[in-house]
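Okay, structure first, notes after.
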Amino acid sequence: MTKPLEGIKIIDFTHVQAGPACTQLLAWFGADVIKVERPGSGDVTRNQLRDIPDADALYFTMLNSNKKSLTLDTKKPEGKEVLEKLIRESDVLVENFGPGALDRMGFSWERLNELNPKMIVASVKGFSDGHHYDDLKVYENVAQCAGGAASTTGFWDGPPTISAAALGDSNTGMHLAIGILTALLGRDKTGKGQKVAVSMQDSVLNLCRVKLRDQQRLERVGYLEEYPQYPHGEFSDVVPRGGNAGGGGQPGWVLKCKGWETDPNAYIYFTIQGHAWEPICKALGKPEWINDPAYKTAEARQPHIFEIFGTIEGWLADKTKFEAVDILRQFDIPCAPVLTMKELANDPSLRASGTIVEVPHKKRGSYLTVGSPIKFSDMKPEVTASPLLGEHTDEVLTSLGYSKQDIFNLREVKAV
Ligand code: CAO
(Lines give C-alpha, C1' and ligand atoms only; values in the text may rest on other atoms or scores of the structure.)
Protein backbone atom coordinates (compact mmCIF):
# COMPACT_ATOMS: atom_id res chain seq x y z
CA MET A 1 0.00 0.00 0.00
CA THR A 2 1.38 3.44 -0.90
CA LYS A 3 1.65 5.71 2.11
CA PRO A 4 0.68 9.38 1.70
CA LEU A 5 4.12 10.75 2.67
CA GLU A 6 6.12 8.33 0.53
CA GLY A 7 8.68 10.29 -1.51
CA ILE A 8 9.05 13.01 1.14
CA LYS A 9 12.64 13.01 2.37
CA ILE A 10 13.26 14.37 5.85
CA ILE A 11 16.57 15.22 7.51
CA ASP A 12 15.89 14.45 11.14
CA PHE A 13 18.25 16.55 13.19
CA THR A 14 16.23 16.00 16.36
CA HIS A 15 16.99 14.55 19.77
CA VAL A 16 15.39 13.70 23.09
CA GLN A 17 11.57 13.79 22.72
CA ALA A 18 9.93 16.88 21.21
CA GLY A 19 11.54 16.64 17.75
CA PRO A 20 11.74 12.83 17.52
CA ALA A 21 8.01 12.50 18.30
CA CYS A 22 7.28 14.72 15.29
CA THR A 23 9.54 12.92 12.82
CA GLN A 24 8.40 9.49 14.05
CA LEU A 25 4.81 10.42 13.21
CA LEU A 26 5.84 11.53 9.71
CA ALA A 27 7.84 8.29 9.26
CA TRP A 28 4.79 6.20 10.21
CA PHE A 29 2.91 7.92 7.42
CA GLY A 30 5.55 7.04 4.83
CA ALA A 31 8.19 9.79 4.88
CA ASP A 32 11.82 8.74 4.42
CA VAL A 33 13.23 10.01 7.72
CA ILE A 34 17.02 10.07 8.05
CA LYS A 35 18.11 10.69 11.60
CA VAL A 36 21.47 12.49 11.67
CA GLU A 37 23.42 11.62 14.81
CA ARG A 38 26.81 12.42 16.21
CA PRO A 39 29.27 9.53 15.53
CA GLY A 40 30.01 7.42 18.58
CA SER A 41 27.24 8.70 20.81
CA GLY A 42 24.10 9.58 18.85
CA ASP A 43 20.87 10.81 20.40
CA VAL A 44 21.43 11.08 24.15
CA THR A 45 18.30 9.01 24.83
CA ARG A 46 20.00 5.91 23.40
CA ASN A 47 21.82 5.78 26.73
CA GLN A 48 19.27 7.26 29.09
CA LEU A 49 17.53 5.01 31.65
CA ARG A 50 18.77 1.82 30.02
CA ASP A 51 17.07 -1.38 31.16
CA ILE A 52 19.32 -3.70 29.09
CA PRO A 53 23.09 -3.14 29.06
CA ASP A 54 24.48 -2.28 25.58
CA ALA A 55 21.04 -2.04 23.97
CA ASP A 56 19.32 1.22 23.04
CA ALA A 57 17.09 2.45 25.85
CA LEU A 58 13.32 2.33 25.49
CA TYR A 59 13.30 6.13 25.64
CA PHE A 60 15.05 6.06 22.25
CA THR A 61 13.32 3.06 20.67
CA MET A 62 9.84 4.40 21.45
CA LEU A 63 10.48 7.74 19.73
CA ASN A 64 12.51 6.72 16.71
CA SER A 65 10.73 3.86 15.02
CA ASN A 66 10.53 3.69 11.20
CA LYS A 67 13.62 5.93 10.81
CA LYS A 68 17.09 5.49 9.31
CA SER A 69 20.21 6.45 11.26
CA LEU A 70 23.13 8.27 9.61
CA THR A 71 26.09 9.16 11.78
CA LEU A 72 27.64 12.44 10.73
CA ASP A 73 29.80 14.99 12.49
CA THR A 74 28.32 18.16 11.11
CA LYS A 75 30.96 20.34 12.72
CA LYS A 76 33.74 18.83 10.57
CA PRO A 77 34.14 20.20 7.02
CA GLU A 78 33.74 16.69 5.53
CA GLY A 79 30.54 16.20 7.52
CA LYS A 80 29.21 19.61 6.48
CA GLU A 81 29.79 18.65 2.84
CA VAL A 82 27.71 15.47 3.25
CA LEU A 83 24.98 17.43 5.00
CA GLU A 84 24.91 20.00 2.19
CA LYS A 85 24.40 17.21 -0.36
CA LEU A 86 21.58 15.80 1.73
CA ILE A 87 20.00 19.23 2.09
CA ARG A 88 19.98 19.75 -1.68
CA GLU A 89 17.82 16.71 -2.18
CA SER A 90 15.57 16.74 0.87
CA ASP A 91 12.13 18.19 1.37
CA VAL A 92 12.25 18.94 5.09
CA LEU A 93 14.86 19.49 7.81
CA VAL A 94 13.60 19.16 11.37
CA GLU A 95 15.68 20.21 14.37
CA ASN A 96 15.31 20.85 18.07
CA PHE A 97 18.79 21.95 19.11
CA GLY A 98 19.35 24.54 21.77
CA PRO A 99 18.94 28.17 20.64
CA GLY A 100 21.48 29.19 17.99
CA ALA A 101 23.12 25.73 17.60
CA LEU A 102 22.18 25.35 13.92
CA ASP A 103 23.48 28.86 13.14
CA ARG A 104 26.73 28.10 14.97
CA MET A 105 27.06 24.95 12.85
CA GLY A 106 26.90 27.17 9.77
CA PHE A 107 23.36 26.27 8.72
CA SER A 108 21.28 29.37 9.33
CA TRP A 109 17.83 29.64 7.73
CA GLU A 110 19.30 31.92 5.06
CA ARG A 111 22.03 29.38 4.22
CA LEU A 112 19.57 26.48 4.15
CA ASN A 113 17.21 28.46 1.96
CA GLU A 114 20.10 29.26 -0.36
CA LEU A 115 21.11 25.58 -0.59
CA ASN A 116 17.55 24.42 -1.24
CA PRO A 117 14.84 27.07 -1.65
CA LYS A 118 12.17 24.37 -1.72
CA MET A 119 13.12 22.91 1.64
CA ILE A 120 10.97 23.34 4.73
CA VAL A 121 13.01 24.01 7.86
CA ALA A 122 11.11 23.09 11.00
CA SER A 123 12.29 23.91 14.52
CA VAL A 124 11.26 23.35 18.11
CA LYS A 125 12.57 25.77 20.71
CA GLY A 126 11.56 26.37 24.31
CA PHE A 127 10.29 29.89 23.63
CA SER A 128 9.36 31.61 20.40
CA ASP A 129 11.79 33.85 18.52
CA GLY A 130 11.95 37.31 20.06
CA HIS A 131 10.53 36.16 23.41
CA HIS A 132 12.49 37.57 26.35
CA TYR A 133 13.45 33.98 27.29
CA ASP A 134 14.38 32.88 23.77
CA ASP A 135 17.96 32.10 24.80
CA LEU A 136 16.86 29.39 27.26
CA LYS A 137 17.30 25.67 26.80
CA VAL A 138 14.12 23.90 27.77
CA TYR A 139 12.95 20.44 28.84
CA GLU A 140 9.45 19.07 29.36
CA ASN A 141 8.77 20.24 32.91
CA VAL A 142 10.25 23.66 32.28
CA ALA A 143 7.77 24.08 29.42
CA GLN A 144 4.85 22.94 31.56
CA CYS A 145 5.74 25.68 34.06
CA ALA A 146 6.23 28.31 31.36
CA GLY A 147 3.05 27.43 29.47
CA GLY A 148 0.55 27.72 32.34
CA ALA A 149 -0.01 23.98 32.94
CA ALA A 150 1.85 23.72 36.26
CA SER A 151 0.18 26.69 37.97
CA THR A 152 -3.24 25.24 37.16
CA THR A 153 -2.53 21.55 37.88
CA GLY A 154 -2.66 19.88 41.29
CA PHE A 155 -4.50 20.66 44.50
CA TRP A 156 -5.08 24.13 45.94
CA ASP A 157 -3.17 23.35 49.12
CA GLY A 158 -0.16 21.84 47.30
CA PRO A 159 2.56 23.22 44.99
CA PRO A 160 2.26 23.71 41.22
CA THR A 161 2.28 20.22 39.70
CA ILE A 162 3.66 18.64 36.55
CA SER A 163 1.48 16.38 34.41
CA ALA A 164 2.81 12.96 33.49
CA ALA A 165 1.60 13.58 29.93
CA ALA A 166 4.32 15.08 27.72
CA LEU A 167 2.58 18.39 27.15
CA GLY A 168 5.90 20.13 26.53
CA ASP A 169 7.63 17.50 24.42
CA SER A 170 5.44 15.18 22.37
CA ASN A 171 2.65 17.73 22.24
CA THR A 172 5.02 20.28 20.71
CA GLY A 173 6.19 17.63 18.25
CA MET A 174 2.58 17.08 17.15
CA HIS A 175 2.14 20.83 16.61
CA LEU A 176 5.32 20.85 14.54
CA ALA A 177 4.07 17.93 12.41
CA ILE A 178 0.93 19.90 11.59
CA GLY A 179 3.12 22.89 10.67
CA ILE A 180 5.31 20.77 8.39
CA LEU A 181 2.37 19.19 6.58
CA THR A 182 0.81 22.64 6.12
CA ALA A 183 4.08 24.00 4.71
CA LEU A 184 4.32 21.01 2.34
CA LEU A 185 0.82 21.76 1.04
CA GLY A 186 1.80 25.43 0.77
CA ARG A 187 4.87 24.47 -1.24
CA ASP A 188 2.67 22.63 -3.74
CA LYS A 189 1.03 25.98 -4.44
CA THR A 190 4.02 28.34 -4.32
CA GLY A 191 6.98 26.09 -5.10
CA LYS A 192 8.76 27.61 -2.11
CA GLY A 193 9.92 26.21 1.18
CA GLN A 194 9.54 28.10 4.42
CA LYS A 195 10.58 28.15 8.04
CA VAL A 196 8.17 26.55 10.52
CA ALA A 197 8.77 27.27 14.19
CA VAL A 198 6.93 25.95 17.23
CA SER A 199 7.75 26.80 20.81
CA MET A 200 7.13 24.48 23.72
CA GLN A 201 5.66 27.31 25.78
CA ASP A 202 3.13 28.13 23.04
CA SER A 203 2.19 24.48 22.56
CA VAL A 204 1.54 23.99 26.27
CA LEU A 205 -0.49 27.20 26.40
CA ASN A 206 -2.52 26.05 23.41
CA LEU A 207 -3.61 23.05 25.49
CA CYS A 208 -4.31 25.29 28.49
CA ARG A 209 -6.73 27.54 26.63
CA VAL A 210 -9.62 26.78 29.01
CA LYS A 211 -7.48 28.14 31.84
CA LEU A 212 -7.00 31.39 29.90
CA ARG A 213 -10.78 31.37 29.50
CA ASP A 214 -11.08 30.99 33.28
CA GLN A 215 -8.64 33.84 33.96
CA GLN A 216 -10.88 36.19 32.02
CA ARG A 217 -14.06 34.91 33.68
CA LEU A 218 -12.42 35.31 37.09
CA GLU A 219 -11.42 38.88 36.35
CA ARG A 220 -14.99 39.70 35.26
CA VAL A 221 -17.04 37.98 37.98
CA GLY A 222 -14.59 37.20 40.80
CA TYR A 223 -15.30 33.47 41.08
CA LEU A 224 -15.36 30.24 39.04
CA GLU A 225 -18.42 28.21 39.87
CA GLU A 226 -17.10 24.85 38.64
CA TYR A 227 -14.00 24.94 40.89
CA PRO A 228 -14.01 23.22 44.33
CA GLN A 229 -13.24 26.67 45.84
CA TYR A 230 -16.82 27.73 44.99
CA PRO A 231 -18.89 28.71 46.92
CA HIS A 232 -17.21 28.06 50.26
CA GLY A 233 -13.54 28.88 49.56
CA GLU A 234 -11.76 32.01 48.43
CA PHE A 235 -10.52 33.13 45.03
CA SER A 236 -7.49 35.33 44.44
CA ASP A 237 -6.91 37.17 41.18
CA VAL A 238 -5.37 34.16 39.39
CA VAL A 239 -6.87 30.86 38.22
CA PRO A 240 -6.42 28.42 41.12
CA ARG A 241 -5.54 24.74 41.04
CA GLY A 242 -8.78 22.78 40.95
CA GLY A 243 -7.65 19.27 41.92
CA ASN A 244 -9.60 16.77 39.86
CA ALA A 245 -12.51 19.04 39.03
CA GLY A 246 -14.02 18.85 35.56
CA GLY A 247 -12.54 21.53 33.35
CA GLY A 248 -15.61 22.21 31.25
CA GLY A 249 -19.23 22.91 32.09
CA GLN A 250 -19.84 19.69 34.02
CA PRO A 251 -18.57 18.80 37.48
CA GLY A 252 -16.56 15.63 37.88
CA TRP A 253 -14.17 14.02 40.32
CA VAL A 254 -12.00 10.98 40.84
CA LEU A 255 -13.99 8.65 43.11
CA LYS A 256 -12.94 5.69 45.24
CA CYS A 257 -14.06 2.19 44.31
CA LYS A 258 -13.83 -1.19 46.03
CA GLY A 259 -10.26 -1.89 47.09
CA TRP A 260 -8.97 1.70 47.13
CA GLU A 261 -7.47 1.15 50.57
CA THR A 262 -4.79 -1.12 49.08
CA ASP A 263 -4.89 -0.36 45.36
CA PRO A 264 -3.83 3.23 44.60
CA ASN A 265 -5.67 3.09 41.27
CA ALA A 266 -9.02 1.66 42.37
CA TYR A 267 -10.85 4.79 41.23
CA ILE A 268 -13.11 5.97 38.44
CA TYR A 269 -13.64 9.41 36.99
CA PHE A 270 -17.29 10.33 37.31
CA THR A 271 -18.87 13.20 35.41
CA ILE A 272 -22.18 14.78 36.33
CA GLN A 273 -23.31 15.89 32.93
CA GLY A 274 -26.27 18.25 33.39
CA HIS A 275 -28.76 16.42 31.19
CA ALA A 276 -27.66 13.04 32.59
CA TRP A 277 -28.87 13.89 36.10
CA GLU A 278 -31.97 11.68 35.84
CA PRO A 279 -30.04 8.57 34.66
CA ILE A 280 -27.40 9.24 37.34
CA CYS A 281 -30.07 9.22 40.06
CA LYS A 282 -31.54 6.03 38.61
CA ALA A 283 -28.15 4.33 38.41
CA LEU A 284 -27.39 5.27 42.02
CA GLY A 285 -30.80 4.14 43.28
CA LYS A 286 -31.66 7.72 44.29
CA PRO A 287 -34.87 8.45 42.31
CA GLU A 288 -35.93 10.95 45.01
CA TRP A 289 -33.10 13.29 43.90
CA ILE A 290 -34.49 13.68 40.39
CA ASN A 291 -37.02 16.38 41.25
CA ASP A 292 -35.69 17.50 44.63
CA PRO A 293 -35.09 21.28 44.35
CA ALA A 294 -31.79 20.85 46.24
CA TYR A 295 -30.49 18.55 43.48
CA LYS A 296 -32.55 19.19 40.37
CA THR A 297 -30.34 21.80 38.68
CA ALA A 298 -26.59 22.10 38.29
CA GLU A 299 -26.73 25.40 40.19
CA ALA A 300 -28.57 23.82 43.11
CA ARG A 301 -26.14 20.89 43.24
CA GLN A 302 -22.92 22.91 43.15
CA PRO A 303 -22.90 24.08 46.83
CA HIS A 304 -23.04 20.46 48.01
CA ILE A 305 -21.31 18.74 45.10
CA PHE A 306 -18.84 16.96 47.41
CA GLU A 307 -21.68 15.57 49.48
CA ILE A 308 -23.09 14.17 46.21
CA PHE A 309 -19.70 12.71 45.29
CA GLY A 310 -19.58 11.19 48.80
CA THR A 311 -22.93 9.47 48.21
CA ILE A 312 -21.66 8.14 44.88
CA GLU A 313 -18.57 6.77 46.64
CA GLY A 314 -20.91 4.96 49.03
CA TRP A 315 -22.55 3.35 45.99
CA LEU A 316 -19.11 2.46 44.57
CA ALA A 317 -17.81 0.90 47.81
CA ASP A 318 -18.74 -2.67 46.83
CA LYS A 319 -17.90 -2.35 43.11
CA THR A 320 -14.54 -2.57 41.38
CA LYS A 321 -13.73 0.25 38.97
CA PHE A 322 -14.53 -2.06 36.05
CA GLU A 323 -17.85 -3.25 37.51
CA ALA A 324 -18.86 0.34 38.24
CA VAL A 325 -18.14 1.53 34.70
CA ASP A 326 -20.01 -1.46 33.26
CA ILE A 327 -23.11 -0.39 35.18
CA LEU A 328 -22.76 3.36 34.57
CA ARG A 329 -22.20 2.99 30.81
CA GLN A 330 -25.70 1.50 30.56
CA PHE A 331 -27.02 4.84 31.83
CA ASP A 332 -24.97 6.84 29.32
CA ILE A 333 -22.89 8.46 32.07
CA PRO A 334 -19.47 9.78 30.94
CA CYS A 335 -16.98 7.90 33.13
CA ALA A 336 -13.87 5.72 32.96
CA PRO A 337 -11.77 3.53 35.21
CA VAL A 338 -8.43 5.05 36.24
CA LEU A 339 -6.20 2.75 34.18
CA THR A 340 -2.62 1.88 35.04
CA MET A 341 0.20 1.52 32.51
CA LYS A 342 0.10 -2.23 33.16
CA GLU A 343 -3.59 -2.42 32.34
CA LEU A 344 -3.11 -0.30 29.19
CA ALA A 345 -0.15 -2.39 28.03
CA ASN A 346 -2.29 -5.51 28.19
CA ASP A 347 -5.55 -4.04 26.91
CA PRO A 348 -6.74 -6.29 24.05
CA SER A 349 -8.65 -3.43 22.38
CA LEU A 350 -5.53 -1.25 22.22
CA ARG A 351 -3.53 -4.16 20.81
CA ALA A 352 -6.21 -4.86 18.19
CA SER A 353 -6.39 -1.22 17.07
CA GLY A 354 -2.62 -0.84 16.77
CA THR A 355 -2.46 1.80 19.51
CA ILE A 356 -0.10 -0.45 21.48
CA VAL A 357 2.24 -2.52 19.34
CA GLU A 358 5.01 -5.01 19.92
CA VAL A 359 8.04 -4.40 17.72
CA PRO A 360 10.97 -6.78 17.13
CA HIS A 361 14.37 -5.14 17.65
CA LYS A 362 17.80 -6.47 16.62
CA LYS A 363 19.37 -6.04 20.05
CA ARG A 364 16.54 -5.77 22.53
CA GLY A 365 14.28 -8.58 21.36
CA SER A 366 10.76 -7.21 21.16
CA TYR A 367 9.48 -4.15 22.97
CA LEU A 368 6.14 -2.45 23.42
CA THR A 369 5.51 0.97 22.02
CA VAL A 370 2.67 3.31 21.22
CA GLY A 371 1.49 3.03 17.62
CA SER A 372 -0.30 5.67 15.61
CA PRO A 373 -3.18 7.23 17.55
CA ILE A 374 -4.47 8.47 14.19
CA LYS A 375 -6.46 5.89 12.24
CA PHE A 376 -7.09 6.00 8.48
CA SER A 377 -9.57 4.09 6.36
CA ASP A 378 -7.05 3.49 3.55
CA MET A 379 -3.84 2.99 5.49
CA LYS A 380 -2.67 1.19 8.59
CA PRO A 381 0.61 2.72 9.77
CA GLU A 382 3.05 -0.06 10.58
CA VAL A 383 5.61 0.46 13.30
CA THR A 384 9.10 -0.90 12.61
CA ALA A 385 12.07 -0.93 14.99
CA SER A 386 14.20 2.12 15.69
CA PRO A 387 17.59 2.02 13.91
CA LEU A 388 20.86 1.11 15.57
CA LEU A 389 23.35 3.98 15.68
CA GLY A 390 24.65 4.51 12.15
CA GLU A 391 22.77 1.49 10.79
CA HIS A 392 22.05 3.25 7.50
CA THR A 393 25.18 5.36 7.13
CA ASP A 394 26.56 3.38 4.16
CA GLU A 395 23.14 3.16 2.50
CA VAL A 396 22.51 6.90 2.74
CA LEU A 397 26.02 7.88 1.66
CA THR A 398 25.87 5.50 -1.32
CA SER A 399 22.54 7.02 -2.35
CA LEU A 400 24.24 10.44 -2.28
CA GLY A 401 26.85 9.16 -4.74
CA TYR A 402 29.72 8.35 -2.35
CA SER A 403 31.91 5.39 -3.34
CA LYS A 404 33.19 2.74 -0.92
CA GLN A 405 36.56 4.54 -0.89
CA ASP A 406 34.88 7.90 -0.14
CA ILE A 407 33.02 6.30 2.77
CA PHE A 408 36.27 4.76 4.04
CA ASN A 409 37.90 8.20 3.88
CA LEU A 410 35.02 9.80 5.77
CA ARG A 411 35.39 7.15 8.47
CA GLU A 412 39.14 7.75 8.65
CA VAL A 413 38.58 11.41 9.58
CA LYS A 414 35.74 10.42 11.94
CA ALA A 415 33.21 12.49 10.01
CA VAL A 416 30.76 9.55 9.94
N1 CAO B 1 27.62 16.66 14.84
C2 CAO B 1 28.27 17.62 15.49
N3 CAO B 1 27.72 18.37 16.45
C4 CAO B 1 26.44 18.14 16.76
C5 CAO B 1 25.68 17.13 16.12
C6 CAO B 1 26.32 16.38 15.11
N7 CAO B 1 25.70 15.42 14.45
N8 CAO B 1 24.45 17.15 16.64
C9 CAO B 1 24.41 18.09 17.58
N10 CAO B 1 25.61 18.70 17.67
C11 CAO B 1 26.01 19.80 18.56
C12 CAO B 1 25.24 21.06 18.33
O13 CAO B 1 25.69 21.73 17.20
C14 CAO B 1 25.51 21.81 19.63
O15 CAO B 1 26.77 22.41 19.56
P16 CAO B 1 27.11 23.89 20.14
O17 CAO B 1 26.27 24.08 21.37
O18 CAO B 1 28.57 23.80 20.40
O19 CAO B 1 26.77 24.85 19.09
C20 CAO B 1 25.65 20.69 20.65
O21 CAO B 1 25.70 19.47 19.89
C22 CAO B 1 24.59 20.62 21.70
O23 CAO B 1 23.32 20.87 21.20
P24 CAO B 1 22.08 21.24 22.17
O25 CAO B 1 22.22 22.62 22.74
O26 CAO B 1 20.85 21.02 21.41
O27 CAO B 1 22.20 20.11 23.32
P28 CAO B 1 22.03 20.15 24.91
O29 CAO B 1 22.16 18.75 25.33
O30 CAO B 1 22.95 21.12 25.56
O31 CAO B 1 20.54 20.67 25.17
C32 CAO B 1 18.14 20.63 24.99
C33 CAO B 1 19.45 19.83 25.05
C34 CAO B 1 17.01 19.68 24.70
C35 CAO B 1 17.93 21.34 26.33
C36 CAO B 1 18.27 21.70 23.86
O37 CAO B 1 18.58 21.02 22.67
C38 CAO B 1 17.03 22.52 23.66
O39 CAO B 1 16.73 23.43 24.44
N40 CAO B 1 16.30 22.26 22.56
C41 CAO B 1 15.16 23.03 22.17
C42 CAO B 1 13.98 22.73 23.02
C43 CAO B 1 13.65 21.26 23.00
O44 CAO B 1 13.39 20.67 21.99
N45 CAO B 1 13.56 20.69 24.19
C46 CAO B 1 12.93 19.41 24.31
C47 CAO B 1 13.81 18.31 24.46
S48 CAO B 1 12.82 16.95 24.89
O49 CAO B 1 12.68 17.10 26.53
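- A salt bridge links Glu226 and Arg217; the closest N-O separation between the charged side-chain nitrogens and carboxylate oxygens is under 4.0 Å.
- Contact annotation: the side chain of His131 never approaches that of Ser199 to less than 4.5 Å [non-hydrogen atoms, C-beta and beyond].
- Inter-residue side-chain proximity for Gln48 and Phe60 is flagged as unmet; no heavy-atom pair is nearer than 4.5 Å.
- Ring centroids of Phe97 and Phe13 are separated by less than 6.0 Å, placing the two rings close together.
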query: How far apart are the C-alpha atoms of Tyr269 and Cys335, what are their side-chain angles, what is the distance that settles it, and do they pass the side-chain contact (heavy atoms from CB on, under 4.5 Å) test?
result: CA-CA 5 Å; Tyr269 198 88; Cys335 63; over 6 Å; no
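- One finds a salt bridge joining Arg46 and Glu37 here, because a Lys/Arg side-chain nitrogen approaches an Asp/Glu carboxylate oxygen to under 4.0 Å.
- Applying the side chain to side chain contact (heavy atoms under 4.5 Å, CB included) rule to Arg364 yields the partners Asp51, Ile52, Ala55, Leu58, Thr61, His361, Tyr367; only residues at least two apart in sequence or on another chain are considered.
- Between Asp73 and Arg38 no salt bridge is recorded (no basic side-chain N to carboxylate O distance below 4.0 Å).
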message: Is there a salt bridge (charged side-chain N to carboxylate O under 4.0 Å, His left out) between Glu278 and Lys282? Walk through the geometry before answering.
response: CA-CA 6 Å; Glu278 193 172 327; Lys282 286 183 181 158; 3.2 Å; yes
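- More than 12 heavy-atom neighbours from other residues, nucleotides or ligands sit within 6.0 angstrom of CG on Asp347.
- Note that Lys319 lies in the cation-pi zone of Trp315, set by a 6.0 Å cut-off to the ring centre and a 45° limit from the axis.
- Glu323 is listed as a side-chain neighbour of Thr320, based on a closest heavy-atom distance under 4.5 Å.
- Looking at Asp91 and Lys9, their side chains come closer than 4.5 Å, going by heavy atoms from C-beta outward.
- Within 6.0 Å of CD in Glu261 there are more than 12 heavy atoms belonging to other residues, nucleotides or ligands.
- The two residues Ala283 and Leu328 make their nearest non-hydrogen contact at CB-CD2, 4.1 Å.
- Relative ring orientation between Trp253 and Phe155 is described as perpendicular, the plane-to-plane angle rising above 60° on a 0-90° scale split at 30° and 60°.
- For the residue pair Thr23/Lys67, the side-chain donor-acceptor check at 3.5 Å is satisfied.
- We find that Glu81 and Lys76 are not joined by a salt bridge, their nearest charged nitrogen and carboxylate oxygen being 4.0 Å or further apart.
- Proximity of a side-chain donor or acceptor of Gln273 to a complementary backbone N or O of Gln250 within less than 3.5 Å is not detected.
- Residues Arg329 and Asp326 are paired through a salt bridge, judged by an N-O separation under 4.0 Å between the basic side chain and the carboxylate.
- Distance CG/Asp56 to OG/Ser69: 9.0 Å, rounded to 0.5 Å.
- The environment of NE2 in His132 is crowded: more than 12 heavy-atom neighbours from other residues, nucleotides or ligands sit within 6.0 Å.
- More than 12 heavy atoms of other residues, nucleotides or ligands lie within 6.0 Å of CD in Gln215, so this atom counts as buried by the packing criterion.
- Across every non-hydrogen atom of Met379 and Pro4, the tightest pair is SD-CD, 3.2 Å.
- Between Ser163 and Leu167, the shortest heavy-atom contact is CB-CD1, 4.0 Å.
- Comment: Glu343 engages Lys321 in a salt bridge, judged by a side-chain N to carboxylate O separation of less than 4.0 angstrom.
- Other residues, nucleotides and ligands place no more than 12 heavy atoms under 6.0 Å from the NZ atom of Lys363.
- Closest of all the heavy-atom pairs between Cys22 and Val94 is SG-CG1, 4.5 Å.
- Gly148 and Ser151 make their closest contact through O-OG, 3.5 Å (heavy atoms, listed as atom of the first residue, atom of the second, distance).
- We find that Lys68 and Glu391 are not joined by a salt bridge, their nearest charged nitrogen and carboxylate oxygen being 4.0 Å or further apart.
- We find that Glu95 and Lys125 are joined by a salt bridge, their nearest charged nitrogen and carboxylate oxygen being less than 4.0 Å apart.
- Under the side chain to side chain donor-acceptor pair (under 3.5 Å) rule, Lys35 has a single partner from Asp12, Thr71, Asn64, which is Asn64.
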message: For Tyr227 and Asp214: C-alpha separation, side-chain torsions, deciding distance, then whether side-chain hydrogen bond (donor to acceptor under 3.5 Å, both in side chains) applies.
response: CA-CA 10 Å; Tyr227 281 61; Asp214 294 348; 2.5 Å; yes
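- Side-chain atoms of Cys257 and Tyr267, non-hydrogen and from C-beta on, never get closer than 4.5 Å to each other.
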message: Assess the residue pair Leu397 and Asp406 against the criterion (side-chain contact (heavy atoms from CB on, under 4.5 Å)); give the C-alpha distance rounded to whole Å, side-chain angles, the decisive distance to 0.1 Å, and a yes or no.
response: CA-CA 9 Å; Leu397 292 175; Asp406 296 334; over 6 Å; no
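- You'll find the ring centres of Phe235 and Tyr230 outside the 6.0 Å limit.
- Ionic pairing of Lys3 and Glu6 is not present here: no N-O contact between side-chain nitrogen and carboxylate oxygen is shorter than 4.0 angstrom.
- For the pair Pro160 and Thr153, the minimum side-chain heavy-atom distance is 4.5 Å or more.
- Without hydrogens or angle criteria, Gln144 side chain to Ile162 main chain gives no donor-acceptor distance under 3.5 Å.
- For Asn47, the CG atom counts as densely surrounded, since its 6.0 Å shell holds more than 12 non-hydrogen atoms of other residues, nucleotides or ligands.
- A pairwise comparison of heavy atoms in Arg241 and Thr152 identifies CG-C, 3.9 Å as the closest pair.
- A salt bridge is defined here as a Lys NZ or Arg NE, NH1 or NH2 lying under 4.0 Å from an Asp or Glu carboxylate O, and Glu358 with Arg351 meets this definition.
- Using a 4.0 Å cut-off between charged side-chain N and carboxylate O, Arg411 and Asp394 make a salt bridge.
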- request: Take Thr355 and Lys375 through the side-chain hydrogen bond (donor to acceptor under 3.5 Å, both in side chains) test and state the conclusion after the steps.
  value: CA-CA 9 Å; Thr355 298; Lys375 315 294 182 198; 2.9 Å; yes
